[in-house]
Amino acid sequence: MKATLIAATLFAATAATPTFANGDFKYGWLTGALPGTELVAANVVREPAFVGEKDEQVQAMDQATAALNTDYCSKKGATFVADPKIIIFDKGIGEWMIGGVCQ
């Protein structure tokens, strides 16, 4: 429940929505920051859609890390570090939410 609330709040203030091809996949994402905290996150989607496998989580984390470093962390002279408690797969829409902090 806590992660769902964090996700909803994070993406109320979205930073970017780029999409690009990587091999046979197309990725897209939204990034956001939770106001008043250090938390940043990205919702990552893929075409063909994610189904929740562990190797897909790694793909989503790579995309999220690059996007969050660009949108938030590099401006602070930091890099994105994922929090395992904020790595969530939404089976209903086939997306990964990857959250963490800039350190």
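If you're wondering where the values come from, they're calculated on a predicted model, not measured in any experiment.
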For this session: Would you give the length of the straight line joining atom CD of Glu95 to atom CG of Leu30, rounded to the nearest 0.5 angstrom?
Result: 7.5 Å
For this session: Mind listing the closest non-hydrogen atom pair of Gly32 and Tyr72 along with its distance?
Result: CA-OH, 3.3 Å
Problem set entry | Reference residue Tyr27; test side-chain hydrogen bond (donor to acceptor under 3.5 Å, both in side chains); the match among Gln63, Arg46, Gln59 | Gln59
For this session: Could you point out which residue of Asp71, Thr70, Asn43 forms a side-chain hydrogen bond (donor to acceptor under 3.5 Å, both in side chains) with Thr31?
Result: Asp71
Seminar exercise, completed: Tightest non-hydrogen contact, residues Ala42 and Ala64, listed as CB-CB, 3.8 Å
Exercise. Nearest 0.5 Å, what's the NZ-CD distance between Lys76 and Gln103?
Worked result: 11.0 Å
Exercise. So if you build clusters from Ile, Leu, Val, Met, Phe, Trp, Tyr with side-chain heavy-atom gaps below 4.5 Å, do Ile88 and Leu34 land together?
Worked result: yes
Exercise. Are side-chain heavy atoms of Val40 and Val101 found at a separation under 4.5 Å?
Worked result: no
Problem set entry | Note, Met97 side chain near Ile86 side chain (heavy atom, < 4.5 Å) | yes
Problem set entry | Whether Trp96 and Phe50 hold their rings parallel, tilted or perpendicular, with breakpoints at 30° and 60° | perpendicular
For this session: May I ask whether Phe89 and Val44 are part of the same hydrophobic cluster, defined by side-chain heavy atoms of I, L, V, M, F, W, Y residues being less than 4.5 angstrom apart, directly or through others?
Result: yes
For this session: Compare all side-chain heavy atoms of Ile98 with those of Phe80 and state whether any distance is below 4.5 angstrom.
Result: yes
Exercise. Can you name the closest pair of heavy atoms from Phe25 and Pro48 and give their distance?
Worked result: CD2-CD, 3.6 Å
Problem set entry | Contact summary for Ile87 and Ala82, nearest pair of heavy atoms | CD1-CB, 4.2 Å
Exercise. In Å and rounded to the nearest 0.5 Å, what is the CG to CD distance from Asp62 to Gln57?
Worked result: 10.5 Å
